[in-house]
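In what follows, a structure is listed as structure tokens, so that the remarks can point back to it.
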2 protein chains.
Amino acid sequence: MNFSASEENYIKSIYHLQPPDGVVTTNELAGELQTKPASVTDMLKKLKAKKLLHYERYQGFRLSSEGKKIALGIVRKHRLWEYFLVQKLQFGWDEVHEIAEQLEHINSKVLIDRLDSFLNFPRFDPHGDPIPDTNGKMEVTGHINLTNLEINHAAEVSAVGSQSTELLELLSHKNIGIGTKLEVKKKFNFDKSVEIKIKNLPAFTISGQLAQSLFVKPL
Amino acid sequence: MNFSASEENYIKSIYHLQPPDGVVTTNELAGELQTKPASVTDMLKKLKAKKLLHYERYQGFRLSSEGKKIALGIVRKHRLWEYFLVQKLQFGWDEVHEIAEQLEHINSKVLIDRLDSFLNFPRFDPHGDPIPDTNGKMEVTGHINLTNLEINHAAEVSAVGSQSTELLELLSHKNIGIGTKLEVKKKFNFDKSVEIKIKNLPAFTISGQLAQSLFVKPL
DNA sequence: AATATAATTTAGACAAACCTAAATTTTATT
DNA sequence: AATAAAATTTAGGTTTGTCTAAATTATATT
């Protein structure tokens, strides 16, 4: 089954709005999508007919398991394209959202799986959000991107953004790996580089690009 | 000005159908787009109103210079994405058309210019068609892709698909360059590799991927 | 030149996705 | 519990891009 870009946008927004065990409301969704509640109601009927959501009028709605599967596919596409834009085309992580909003509607399973492979199966997008794999599975983690770690708060490296040899080579050269404990001492806005401190070592600076590929759990 | 995917498809098809100094007809375009003549007429009115084509009813139509500019932009996007799919994602040149038909409607000038740069400014797509540059200029050449050269017909290498160092390194290793005279002796369907013969050298085989990056002028 | 055929356009309808305004249902307040 | 307020839905309309069937214009044939 194929879906229109509009249907996909509704599904994706419901996915993001939906609390662990509650429902989404018409007004909420209209706000998120910058559209009118009446338009939302129209689409809800259509998506219900396609069995993508559970919905009784006036009672709110939530994705069905089928709907969730579709949502995860869209999220996968969005995040893989964001990763591509940042890692291969030198976009900043704050510039990629709009373009990824378009690219996420490109319809080709083999394209996305090959893109995934080309990118070395990254597990986190440039914002640190996990990328669902080809089966819709993704990691649930409490970690955050190193660029978002507060200054002078101890943390432990818990994941890297991808498995590319270039990244791993750089990390081993700098003696950073999963489990490494560190603190951020300073953030330089000019080039987004970050000065970090690892115990028993002098503080040193890493590039913004590298910082974006590191995820940490605060201790 | 921005255009819908549908408008873009009409513009692109008119561009491809339009003879050097003639017009395109309604039925022709309807056939190309797998739609009905009445639908074409509707769209012609709209595109005329947007000054993208010259059109008098019952008299055929052709792109205005503004229309041609738009068409070249779409062709550029289509061919760059095709190149990306073949060179980076390992698609065969015969598998990429459908996906590129979708990707060509993604709307972001900076995205395309960065993609171009990422790909090392290729001048020909995997089918050997020239890729317009950022200003809409492209080469006019009588050459064909090496994979389409008839067996035992002498030809001269006239262009390479891109300027990537990897490609150039491989070519210099094999002593192939612009002006090299050669013949194709055999084509192997299994892996699309091609056996070629250069005067004073024993015949040797090159990969399908390399063959796709070589363009020749029959002598 | 008249007429038949083919190409094209017009008229009127339809689906998707949106809208506004009015009606309905739920929720909050007195 | 009655009523006011807020949320939601319905009814009916718009735009885009398509369609069919009928009308018009151009082209080909006699």
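Since this is a predicted model, take the numbers as computed values, not measurements. The chains referred to below are lettered A, B, ... by the order of the sequence lines, with proteins before strands, and numbering in each begins at 1.
Closest to the side chain of D42(B), from the set dC18(C), dC19(D), dT8(C), is dC19(D). With dT26(C), dT20(C), dT9(C) as the choices, the nucleotide that has an atom nearest any side-chain atom of K36(A) turns out to be dT20(C). Distances from the side chain of A38(A) to the nucleotides dT10(D), dT9(C), dT26(C) place dT10(D) closest.
For the OP1/OP2 pair of dT18(D) and a distance below 4.0 Å, the side-chain nitrogens and oxygens of S6(B) include at least one atom meeting the criterion. Considering only side-chain N and O atoms, R57(A) lies nowhere under 4.0 angstrom from the phosphate OP1 or OP2 of dT24(C). Proximity of S39(B) to the phosphate of dC19(D): a side-chain N or O atom is located under 4.0 Å from OP1 or OP2. Within the structure, a side-chain polar atom (N or O) of T41(A) is placed less than 4.0 Å from OP1 or OP2 of dT9(D).
Salt-bridge annotation for K48(A) and E56(A): present, with a side-chain N of the basic residue lying under 4.0 Å from a carboxylate O of the acidic one. Taking the charged nitrogens against the carboxylate oxygens, E82(B) and R79(B) have no contact shorter than 4.0 Å, which rules out a salt bridge. The pair R76(B)-D113(B) meets the salt-bridge criterion, with a side-chain N (NZ, NE, NH1 or NH2) lying under 4.0 Å from an Asp/Glu carboxylate O.
For residues 21-32 of chain B, proximity to DNA chain C is found at T25(B), T26(B), N27(B), defined as any non-hydrogen atom under 4.0 angstrom from a strand atom.
A centroid separation of less than 6.0 Å is found between the aromatic rings of F84(B) and F84(A).
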*Would you sort out whether L85(A) and R114(B) count as a side chain to side chain contact (heavy atoms under 4.5 Å, CB included), showing the intermediate values?*
CA-CA 9 Å; L85(A) 294 172; R114(B) 296 233 179 143; over 6 Å; no
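Whole-Å rounding puts the E56(A) CD to dT26(C) C1' distance at 15 Å. Per the geometry, CZ belonging to F61(A) stands 13 Å off C1' belonging to dT9(D), to the nearest Å. Following rounding to the nearest Å, Y58(B) (OH) and dT10(C) (C1') show an atom-to-atom distance of 8 Å. Going from atom NZ of K45(A) over to atom C1' of dA15(C) covers 15 Å, rounded to whole Å. Between Q34(A) atom CD and dC18(C) atom C1' there is a gap of 14 Å when expressed in whole angstrom units. Rounded to an integer number of Å, the gap from M43(A) CE to dA15(C) P is 16 Å. For the pair L44(B) CG and dT9(C) C1', the interatomic distance rounds to 10 Å; values are reported in whole Å. dT8(C) atom C1' lies 15 Å from atom NZ of K48(B), rounded to whole Å.
If you check every strand for non-hydrogen atoms under 4.0 Å, Y10(B) touches sugar and phosphate atoms only. Using a 4.0 Å heavy-atom criterion, one finds that Y55(A) contacts the sugar-phosphate atoms exclusively.
Side-chain N or O atoms of K77(A) include none that pairs as donor or acceptor with a backbone N or O of S108(A) at under 3.5 Å.
A side-chain contact (heavy atoms from CB on, under 4.5 Å) with L80(B) holds for exactly one of D125(B), I112(B), L103(B); it is I112(B).
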